[in-house]
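For reference, the structure discussed in these notes is given below.
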Amino acid sequence: MTSGGPGTPPEPSHRYTAALAGRIEQAWQDRWEEEGTFHTPNPSGSLTDGDGQHADPSAPSFFVMDMFPYPSGAGLHVGHPLGYIATDVVGRYRRMRGENVLHALGYDAFGLPAEQYAVQTGQHPRKTTEENIATMRRQLRRLGLAHDPRRSFATTDPEYVRWTQWIFLQIFDAWYDAEAVRPDGGRGRARPVAELVAEYEAGTRALPEAWAGETWDVLDAVERRRVVDGQRLAYVSETPVNWCPGLGTVLANEEVTAEGRSERGNFPVFKRNLRQWNMRITAYADRLADDLDVIDWPEKVRTMQRNWIGRSEGAMVTFDVIGGEEVEVFTTRPDTLFGATFMVVAPEHPLLDEVPTHWPDGTHAVWTGGHKTPTAAVAAYRASTAAKTAVERQADAGKKTGVFTGHVAINPVNGDMIPIFTADYVLWGYGTGAIMAVPGGDERDFEFAQAFELPVIHTVQPPADHPGGAYTGDGVVVNSRNEEIVLDGMDVATAKATITAWLEGRGVGKGTVTYRLRDWLFSRQRYWGEPFPIVYDEHDLPIALPAEALPVDLPDVPDYSPRTFDADDVHSMPEPPLGRNEDWVNVTLDLGDGPRTYRRDTNTMPNWAGSCWYYLNYLDPGMRDVVVDPELERYWLGPEHNAAAGTSGGVDLYVGGVEHAVLHLLYARFWHKVLYDLGHVTSVEPFRRLFNQGYIQAHAYTDARGAYVQAAEVVEDAASPTGFTWQGQPVTQEYGKIGKSLKNAVTPDEMYEAYGADTFRVYEMSMGPLDLSRPWETRAVVGSQRFLQRLWRNVVDEETGEVTVTDDAPGTETLRVLHRTIDEVTTEMEAMRFNTAIARLIVLNNHLTSLDRVPRAAAEALVLMTAPLAPHVAEELWSRLGHPASLIREPFPVADPAYLVVDSVTCVVQVQGKVRDKLEVSPDATEDALRELALASPRVQRALDGRAVRTVIVRPPRLVNVVPA
RNA sequence: GCCCCCGUAGCCCAAUCGGCAGAGGCAGCCGGCUUAAACCCGGUCCAGUGCAGGUUCGAUCCCUGCCGGGGGCACCA
């Protein structure tokens with residue numbers, strides 16, 4: 001406990017040092033655990049508080065949550081706990097405000113990081129995952145987080161997997177009825193497939209378009225299954241998917257970067273036609289976009305989700321092609337139809353499977369690409385675009401290439417013959433993969449028209465100063481009339497509505513909404529994930545396993561590492577590791593018609609599956625009969641479950657990094673809405689309030705060769721041209737992510753050792769606003785330690801360990817500082833501005849330091865206010881101040897308004913906005929009195945220097961501004 | 001290329017409605033304690049708010065343009 005060598009005078013034996021802090025912290029952590037201090041009571045059921053009581057009905061519920069951590073093998077650095085500390089402070093504060101707080105932390109333990117770590121260490125992923133979780137639990141326990149330990153779990157727990165698979169089967173067993181009315185009044189909701197079948201059997205619903213001409217009663221059993229399977233919210237289909245040989249698995253669109261590489265690992269991704277599981281998230285596109293308006297999320301994240309969904313309103317228009325074909329296009333600008341001078345289809349478009357054998361009359365030389373026939377030209381262009389990698393496509397964006405297809409279409413509004421081109425600036429994956437090109441109204445079309453000598457017609461009058469080219473703005477419509485309709489003179493919006501109605505009347509078009517969002521590719525060819533609870537029969541159609549058969553456990557396989565390939569191997573095929581166990585794959589089951597042999601699905605679910613519903617599992621983890629107890633769901637998550645929950649309901653505060661803005665948060669919202677439609681939850685949204693914390697980064701240093709050196713060993717050195725040296729040589733300061741690669745890692749364990757957990761917590765919270773990224777600076781941590789040391793000294797004698805507070809009433813000045821602090825700290829805590837809350841606490845603390853004896857009333861209030869931030873030292877001081885029970889539910893101090901009023905305030909007197917005098921005035925001085933006082937001031941008179949007064953602006957009681965003539 | 005966020009003291013950051021630019025911390029400097037040093041204690045220095053305009057009695061705050069940093073989107077018809 002003492003520091004220094006022999007002969008050094010010992011430190012005061014009761015000083016709040018790192019060693020003492022460590023002893024206090026661990027003792028309280030043990031006591032909290034023994035007493036069940038953080039056991040959060042449910043309103044009913046087996047989970048009660050530490051005293052065996054259920055939730056107090058008069059206490060509002062508050063559900064605070066952190067984004068699910070991966071238990072990575074690398075361990076934590078000081079950046080990781082930032083959000084956990086913040087949610088802990090919120091949770092502890094809210095408990096002291098009398099709320100019933102639910103806060104727990106589980107582990108997202110399936111997925112690539114866990115699997116890769118297992119592969120590296122040559123052990124089974126379950127073993128390494130469990131070890132990693134144990135390490136992380138230990139590191140986090142030392143932080144003193146007030147989590148309910150009974151509610152922690154991992155996504156890999158068999159009981160959790162059971163319900164993940166169960167929810168999958170709910171989605172598999174559901175279809176989307178776009179016409180059904182929801183409880184909230186909107187249209188469109190998921191319904192059980194059984195209801196669809198019942199309607200088909202009763203003949204009250206027509207079969208889907210693909211089965212036109214058939215009726216349910218004439219279909220055989222396999223055909224009926226195909227009809228239904230095609231409509232399930234989870235379905236198998238053979239579609240172009242993102243195949244990533246480097247990872248050995250297929251990926252969702254959301255996991256592929258704009259550069260066409262995997263978000264994890266940055267490997268090339270190729271489009272391949274493969275049979276894979278998909279989730280029909282597109283059915284929820286509108287609701288996912290619309291409901292962003294009813295939740296309290298950062299605008300940035302809502303914008304990112306809206307952009308990803310990419311809702312776009314316009315019209316489908318059908319163009320006849322000479323020779324009998326037709327092409328449907330999607331356009332957001334049907335008003336510009338009269339300006340369509342050509343069409344473009346994507347190279348993958350089926351219209352190109354057959355093209356004319358000769359160039360039609362009027363074909364420009366530049367249109368042919370030098371080929372003798374359209375057949376040759378199109379084949380060559382298709383081949384060249386297919387060979388392009390995503391990276392090349394990216395690099396070529398903007399360059400307009402293409403070729404005339406020989407096809408000619410007829411513009412439905414005026415009968416004009418217009419050539420059809422193919423070009424890769426039209427994407428097969430969006431809309432219909434075909435466009436009408438309006439070079440007068442679209443910049444891309446204009447560029448293409450320039451390159452291929454195509455005519456330009458403006459249908460909106462450009463302003464006089466328009467530089468030429470496409471005009472995309474609003475204005476007066478021109479050049480747009482036929483025998484039946486005149487758009488000329490209208491504005492764009494009116495013209496859109498008018499022409500859409502006309503198209504619909506003629507049966508050649510229809511107002512439509514399209515989305516950028518694609519269905520969610522849901523299968524992965526990895527080992528460490530949830531197996532699909534699906535088997536296939538001899539027809540190769542999926543069959544759900546019954547709920548009693550869940551969970552489907554992962555089989556043992558000879559090799560669980562994924563088969564990866566050369567990252568650029570386009571011809572490789574995914575090979576699921578689960579397929580390596582024949583005994584598991586081929587299974588005999590009795591699914592109602594006697595024992596038969598089935599083949600299991602060998603894919604696993606993506607990592608996102610487990611994080612799609614984990615918030616529900618916190619309510620009542622472990623064995624249970626339902627996915628979530630309806631009473632608990634209403635209590636913790638339901639609409640209006642507390643004053644801030646609103647009509648959406650959901651988790652009251654969800655804190656995590658912005659990197660999940662689209663992926664996890666979109667998927668989880670989708671699953672939640674399916675569960676809502678099927679009646680399993682009453683909340684419309686899973687996360688009512690989202691908060692993105694910033695990142696903690698750190699300085700890193702490179703030597704002359706550009707190699708990173710140990711940041712911890714770098715010293716400031718004015719003699720170095722760079723300002724820093726490492727082992728005597730100059731090094732350059734950089735800034736970046738904390739980690740091994742930049743040699744700048746600092747771990748929480750080092751902080752516990754050198755300062756204690758409370759100091760670490762206070763430092764992390766005091767560095768700046770929670771949503772801002774900031775640099776870690778170990779040498780600044782001492783400031784937080786000094787604060788706690790001073791707090792300690794205000795209560796405890798460092799030499800004797802005696803409590804030194806006096807029971808005498810505090811003086812007026814102390815009461816004022818105290819109550820002003822309570823008032824300000826309350827405001828700051830409510831707004832999650834912990835950095836400024838800490839600043840106020842320091843002010844009060846420093847004030848108490850200046851007194852001869854610290855009054856108990858002030859000390860106790862300060863200890864209670866510090867408790868959410870530095871809980872261990874607060875508990876210790878509270879205990880030493882004579883309170884045997886934990887302060888966890890002690891009421892947070894409340895300011896007495898009597899001490900918030902002041903006798904006098906400083907009134908600033910300005911002349912023309914410049915401060916010329918200051919007056920001490922009563923806080924309720926009137927406007928007239930202040931004006932008189934100000935004008936009487938000699939300094940004001942001097943500043944006026946004889947000028948007349950034009951006007952006097954008075955803002956009682958703090959400001960008077962005299963404006964000279 | 002387009003969109004969003006951020007630029008305040010050597011550093012991290014404060015500043016309700018547009019009203020005295022400074023709450024807190026780090027570092028520095030001075031002093032106290034100490035045989036000396038660290039710890040600790042007291043004191044102190046430090047910016048006119050990235051730049052240029054505009055609106056206003058008054059601008060860190062509102063508007064326009066530019067510079068720097070961070071993020072998102074990127075042929076989406």
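Numbered from 1 within each chain, the chains take letters A, B, ... in sequence-line order. When reading the values below, keep in mind they use all heavy atoms of this one structure, side chains included, and skip hydrogens, waters and symmetry mates.
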task = Would you state whether a donor and an acceptor, one from the side chain of R15(A) and one from the base of rC39(B), lie under 3.5 Å apart?
result = yes
ask   = To the nearest angstrom, how far is L772(A) atom CG from rU8(B) atom C1'?
value = 13 Å
message = What is the separation between atom CZ on R955(A) and atom P on rG19(B), rounded to the nearest whole Å?
response = 10 Å
key: Selected nucleotide, minimal atom distance to E777(A) side chain, candidates rC11(B), rG19(B), rA23(B)   = rC11(B)
query = Which way is the base of rG48(B) turned, syn or anti, if we draw the line at 90° from 0?
reply = syn
query = Hey, is the side chain of R516(A) poking within less than 4.0 Å of OP1 or OP2 on rA74(B), counting only N and O atoms?
reply = yes
task = If the glycosidic angle is within 90 degrees of 0 it's syn, otherwise anti, so just tell me which one rC17(B) is.
result = syn
task = Ignoring backbone atoms, test whether N845(A) places a side-chain nitrogen or oxygen under 4.0 Å from the OP1 or OP2 oxygen of rG25(B).
result = no
query = When only distance counts, do a donor and an acceptor, one from the side chain of K400(A) and one from the base of rC75(B), lie under 3.5 Å apart?
reply = yes
ask   = For rA52(B), which nucleotide is its Watson-Crick or G-U wobble mate, given both distances must be under 3.5 Å?
value = rU64(B)
ask   = So which nucleotide does rG1(B) pair with, by the Watson-Crick or G-U wobble rule with both distances under 3.5 Å?
value = rC73(B)
request  = Could you walk me through whether D424(A) and Y381(A) pass the side-chain contact (heavy atoms from CB on, under 4.5 Å) test, one step at a time?
outcome  = CA-CA 9 Å; D424(A) 64 1; Y381(A) 190 72; 3.4 Å; yes
request  = Determine the contact category for D445(A): base if any of its heavy atoms lies under 4.0 Å from a base atom, sugar-phosphate if only primed atoms, P, OP1 or OP2 are that close, otherwise nothing.
outcome  = nothing
